[in-house]
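The structure appears right after this line, and notes come after that.
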There are 2 protein chains.
Amino acid sequence: MNRPPTKSVKAYPLPLKGNPGRTREEHSQETALDYAELIAELISTTGAARVTELARRLGVTHVTVNRTIQRLQRGGLVRTRPYHSILLTGAGWKLSEESRRRHEIVVGFLKSIGIPDAVARSDAEGMEHHVSKKTLAAFVKHLKRRGLHKPSR
Amino acid sequence: MNRPPTKSVKAYPLPLKGNPGRTREEHSQETALDYAELIAELISTTGAARVTELARRLGVTHVTVNRTIQRLQRGGLVRTRPYHSILLTGAGWKLSEESRRRHEIVVGFLKSIGIPDAVARSDAEGMEHHVSKKTLAAFVKHLKRRGLHKPSR
DNA sequence: CCCAAATTGTAGCGTAGGCTACAATTTGGC
DNA sequence: GCCAAATTGTAGCCTACGCTACAATTTGGG
Ligand SMILES: [Mn+2]
Ligand SMILES: [Mn+2]
Ligand SMILES: [Mn+2]
Ligand SMILES: [Mn+2]
């Protein structure tokens, strides 16, 4: 029977896909990062982070927000009181800061190479979670060289 | 009780998070794209795409590969015969081509801004799925300007 | 040609992240 | 102050993507 060759070109083992498991690991983190970032933003701009508003801004139902918030609470990132604003813990706040910094660098970089603002923001929302420290540093360097770097704020 | 202000600064509605739902939609696609790309690569370099080899290269178990392949088959991207090589359908092959092109552009761009090859390949594996057509075009333009563009092959 | 090893397949389980439907609580306009 | 509307919470249900454990099939060396 016409089986394709199995050990034909088996000269030496094929390389692994550039870092197996890393993408999956990043995906398990990114919802938490986006929530922390958005909660911080809502608190600082409106004074509260309410379930309904999170749901509206994230484009999911309030049920999804509730379940995710429960998970973040188990992970020690937020605290909640029934029918009150969601609050960030110390860890949650720190995470939100890191996330925002990373987010702004990615947006700034994309814009610096000519991407329109709306596209840059949309692309960054997903890309930001897959940019390594080294690449982020290269983005910052690129921005600094063009005098576009906003240090920490 | 000290409820945070709810309708305080409600001057006009806060903007949605730069394209709600897009990231989730991309995530549901990206496993399929990576599988299609890898299957094509294995077939062209070794003559066959076997379950075990896919599992090894992707860093998951063969069980995960089987389940994903079943899903891709339901989606019309691959065909399988028990204990034989996985084959790409027309749609699957087309998808693998698009995916490979996109992948190479992202890797090339990252390398062009000074990212080491290994880091570029690792970062690209996740980033590639969140880069819009416009941003991809900007990457290509950037590469062309530096004479680093490899046109499709 | 035979049987152990490798490969492939499947059953069952877990978590993340969605949803609808419905219940409970709070808010605010009259 | 009352009650309808808004908000928040919860009970299932679904799919994607992982896994372990075990079964079935194929392969290849002796
Ligand atoms: Mn963000
Ligand atoms: Mn994001
Ligand atoms: Mn990928
Ligand atoms: Mn992703």
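All figures in this text were calculated on a predicted structure; none of them were measured in a lab. As a basis for the values below, the full set of heavy atoms in this structure was taken, side chains included, without hydrogen atoms, waters or symmetry mates. Every chain is numbered from 1, with letters handed out A, B, ... down the list of sequences.
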(request) For A:Val60, answer base if it contacts any base atom (sugar-phosphate contacts may also be present), sugar-phosphate if it contacts only those atoms, and nothing otherwise; contact means non-hydrogen atoms under 4.0 Å. (result)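 Result for A:Val60 = sugar-phosphate.
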(request) Using a heavy-atom cut-off of under 4.0 Å over every strand shown, decide if A:Val51 touches base, sugar-phosphate, or nothing. (result) sugar-phosphate
Any side-chain N or O of [X] less than 4.0 Å from the OP1 or OP2 oxygen of [N]?
X: B:Thr61; N: D:dC19; value: yes
X: B:Ser28; N: D:dA16; value: no
X: B:Arg67; N: C:dT10; value: no
X: B:Gln70; N: C:dG9; value: no

(message) Nearest to the side chain of A:Asn66, heavy atoms from C-beta on, is which of D:dG9, C:dG9, C:dT20?
(response) D:dG9
(message) From the set D:dA24, C:dG12, D:dT8, return the single nucleotide nearest to any side-chain atom of B:Tyr83.
(response)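 Nearest listed nucleotide: D:dA24.
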Provide, to the nearest angstrom, the distance between the [atom1] atom belonging to [X] and the [atom2] atom belonging to [N].
X: A:Leu72; N: C:dT15; atom1: CG; atom2: P; value: 16 Å
X: B:His84; N: C:dG9; atom1: NE2; atom2: P; value: 10 Å
X: B:Arg50; N: D:dT25; atom1: CZ; atom2: P; value: 16 Å
X: A:Arg81; N: D:dG9; atom1: CZ; atom2: P; value: 12 Å
X: A:Arg74; N: C:dT15; atom1: CZ; atom2: P; value: 9 Å
X: B:Asp34; N: D:dA16; atom1: CG; atom2: P; value: 16 Å
X: A:Arg56; N: D:dA6; atom1: CZ; atom2: C1'; value: 15 Å

(message) Need to verify one output field. Residue with the more 5' nearest nucleotide on DNA chain D, B:Gln29 or B:His62?
(response)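 Final value for this comparison: B:Gln29.
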(request) Might you point out which heavy atoms bring A:Ser96 and A:Ala36 nearest each other, and give the distance in Å? (result)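 Answer, listing the atom of A:Ser96 first, then A:Ala36: CB-O, 3.3 Å.
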(request) Please round to the nearest 0.5 Å and tell me the distance separating atom CD of A:Glu53 and atom CG of A:Leu58. (result) 9.5 Å
(message) Contact between B:Glu125 and A:Lys17 at the side-chain level, heavy atoms closer than 4.5 Å - yes or no?
(response) yes
(message) Ring-plane angle category for A:His130 and B:His27, please: parallel below 30°, perpendicular beyond 60°, tilted otherwise.
(response)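 Judged by the thresholds at 30° and 60°, the geometry between A:His130 and B:His27 is perpendicular.
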(request) Using a strict cut-off of less than 4.0 Å between a Lys/Arg side-chain nitrogen and an Asp/Glu carboxylate oxygen, indicate whether A:Arg22 and A:Glu26 qualify as a salt bridge. (result)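 Yes, A:Arg22 and A:Glu26 are salt-bridged.
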(message) Quick check: on DNA chain C, is the nucleotide nearest B:Thr52 upstream (toward 5') of the one nearest A:Thr31, or the reverse? Name the residue that is more 5'.
(response)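 Taking each residue's closest nucleotide, the earlier one in sequence belongs to B:Thr52.
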